[in-house]
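Everything below concerns the one structure shown next.
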2 protein chains.
Amino acid sequence: MNTPTAISWQAIHAEIMRRISDREWKPGGTVPHEAELAQEFGCARATVNRAMRKAAEDGFLERRRKAGTRVALHPVRKARLEIPVIRLEVEGAGKDWRHELHERKLSTPPRRIANRLGIDPDGRMLHLRSLHFADSRPFLYEDRWINPATVPQALDTDFSLVSANEWLVLNAPFSHGDISLSAAPADKKEAGLLATHPGAALFVVKRITWKGAHPVTHVRLAYAPGYAMHSVI
Amino acid sequence: MNTPTAISWQAIHAEIMRRISDREWKPGGTVPHEAELAQEFGCARATVNRAMRKAAEDGFLERRRKAGTRVALHPVRKARLEIPVIRLEVEGAGKDWRHELHERKLSTPPRRIANRLGIDPDGRMLHLRSLHFADSRPFLYEDRWINPATVPQALDTDFSLVSANEWLVLNAPFSHGDISLSAAPADKKEAGLLATHPGAALFVVKRITWKGAHPVTHVRLAYAPGYAMHSVI
DNA sequence: TAGTGGTCTAGACCACTAT
DNA sequence: TAGTGGTCTAGACCACTAA
């Protein structure tokens, strides 16, 4: 029997993308269903499914049972942002990393943060502020609130030795979280720490993380001027 | 025959994540191979494969043929950033969108841009500048260079009617691209357009896109103060 | 209610790579 | 060279939803 090498799902995916790109399948239009394509390509339906699922995950197709598969009208491109541990991000750029712990105390968080985390606004959280360096130049300023109800061991940890960032990754992995990216002017204090001037444009990342239903931490990272986050589409 | 409902790959994925989270599988340690887990869960190997593949895509496992599967030491969390068409982003927030085309001319791009796109630095590109509004307040300022060699129809298009952003999505879909996110101070011109003051911290997105080996466009989007990009982990 | 995608199975072979 | 993940198949049943 002549059994030519089976067609790969990647090849089918590429062909699907070509048809979308070349308008053989028109935006908003229905495309053949899986069984039909499987016959056309001479492969199993599962193989077609894998290829179409990928295209749908990437936003190029919209799939619904019974209704079939359509080409997305306005493909929403998805970029993947990688959020590494700060130390590894710095070292990955070939620089030396170190950090200074500037503050560590139990206190009542700002209303806004307590609300966002959904915890008692009069409760206490562990408040940490630290400055991270890359090659002894200030890299970012970290302002963090840790929920001791979720991570009690944090109270007994010396965060001048391990950064809270890294300690949490190792000891209190979160299940999910929200991130926001923005720009903000440096205030006087931040300007001093980050070796810039008040009002300088800082790249700011805010992150709230949860372990199941339990809030873990709220952190604000203010990057020194010049920083840019990269990603590919 | 008693055939209890087959176990789902999602259930196996959840159990895998639980074992990682609860340290039953230690960071850096090897985990049982697929065949073994399939036997444990009483399912087909393909089902286990689907679950472990997902965990690996999300950065929690590292898989290599022959070497087996290990728990990642420093899970690099991946956030998914959605890049919608600007009009839809504004309208999705319940606001009215419109835009003004401020400039449209063929000219020689800055060296830096020509180099990044890998094209003749003396060639001409279509240069567009436009201002986008949300509810008649300035939303972002767009500075775009389009490569006419890749998208010749752009030369005959009236970008005061359709935004270049949307037109390109519909007429010149790209295959891949680079994105950078940063913060920058507003210059005098931008400050005027975005109704803010010179030096104000702007959130800036730069994007370069390609169709196969052919550069399509370089765009810089400067968002009015107050903008934040959101994502979930 | 019927059509389409979502998933599982049991088995097979392939591809990569540690040893 | 052998062990492990990557993928394909042919078939089956399930889940959702448009009509």
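Since the model is a prediction, treat every value here as computed from it, not as a measurement. In what follows, chains are A, B, ... by sequence order, proteins preceding strands, each numbered from 1. Side chains included, hydrogens not; waters and symmetry mates left out as well; all remaining heavy atoms used.
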I'd like to know if [X] pairs up with [Y] as an ion pair, taking the criterion as any Lys NZ or Arg NE/NH1/NH2 lying under 4.0 Å from an Asp or Glu carboxylate oxygen.
X	Y	value
B:E100	B:R98	yes
B:E34	B:R53	no
A:K54	A:E57	no

What integer distance in Å separates [X]:[atom1] from [N]:[atom2]?
X	N	atom1	atom2	value
B:R63	C:dA15	CZ	P	18 Å
B:I7	D:dC14	CD1	P	17 Å
A:R53	D:dC8	CZ	P	11 Å
B:N49	D:dT9	CG	P	16 Å
B:H33	D:dA2	NE2	C1'	13 Å
B:L61	D:dT4	CG	C1'	14 Å
B:W9	C:dT9	CH2	P	14 Å
A:E34	C:dT7	CD	P	10 Å

[X] near the nucleic acid: base, sugar-phosphate alone, or nothing, with a heavy-atom cut-off under 4.0 Å?
X	answer
B:Q10	sugar-phosphate
A:A35	nothing
B:R64	sugar-phosphate

| With a 4.5 Å limit on heavy-atom distance, are the side chains of B:L221 and B:I86 in contact? |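 SC-SC contact between B:L221 and B:I86 confirmed.
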| What's the shortest heavy-atom distance between A:A114 and A:P121, and which atoms? |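 In terms of heavy atoms, the two residues are closest at CB-CA, 3.8 Å.
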Does [X] have a side-chain nitrogen or oxygen under 4.0 Å from the phosphate oxygens OP1 or OP2 of [N]?
X	N	result
A:T47	D:dT9	yes
B:T69	D:dT4	no
B:R50	C:dT7	yes

| said: Let's test your reading of the model: under 3.5 Å, does the base of D:dT7 pair with the side chain of B:R45 as donor and acceptor? | reply: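 Result: at least one qualifying N/O pair found.
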| Counting N and O atoms only, with roles assigned by atom type, does the side chain of B:D22 sit under 3.5 Å from a partner on the main chain of B:E24, one being a donor and the other an acceptor? |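 Here the side-chain-to-backbone pair does not exist.
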| request: Determine, for A:F174 and B:R77, whether the Lys NZ or Arg CZ falls below 6.0 Å from the six-membered ring centre while staying within 45 degrees of the axis. | output: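 Yes, B:R77 sits over the ring of A:F174.
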| Between the two ends of the helix from C:dT1-D:dA18 to C:dA18-D:dT1, what is the bend in degrees, rounded to 10 degrees, where each end axis spans five pairs? |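 Axis angle across the helix from C:dT1-D:dA18 to C:dA18-D:dT1, nearest 10°: 20°.
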| message | Please compare A:K66 and A:S8 by the position of their nearest nucleotide in DNA chain D and report the one closer to 5'. | response |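 With A:K66 and A:S8 compared, the 5'-side residue is A:S8.
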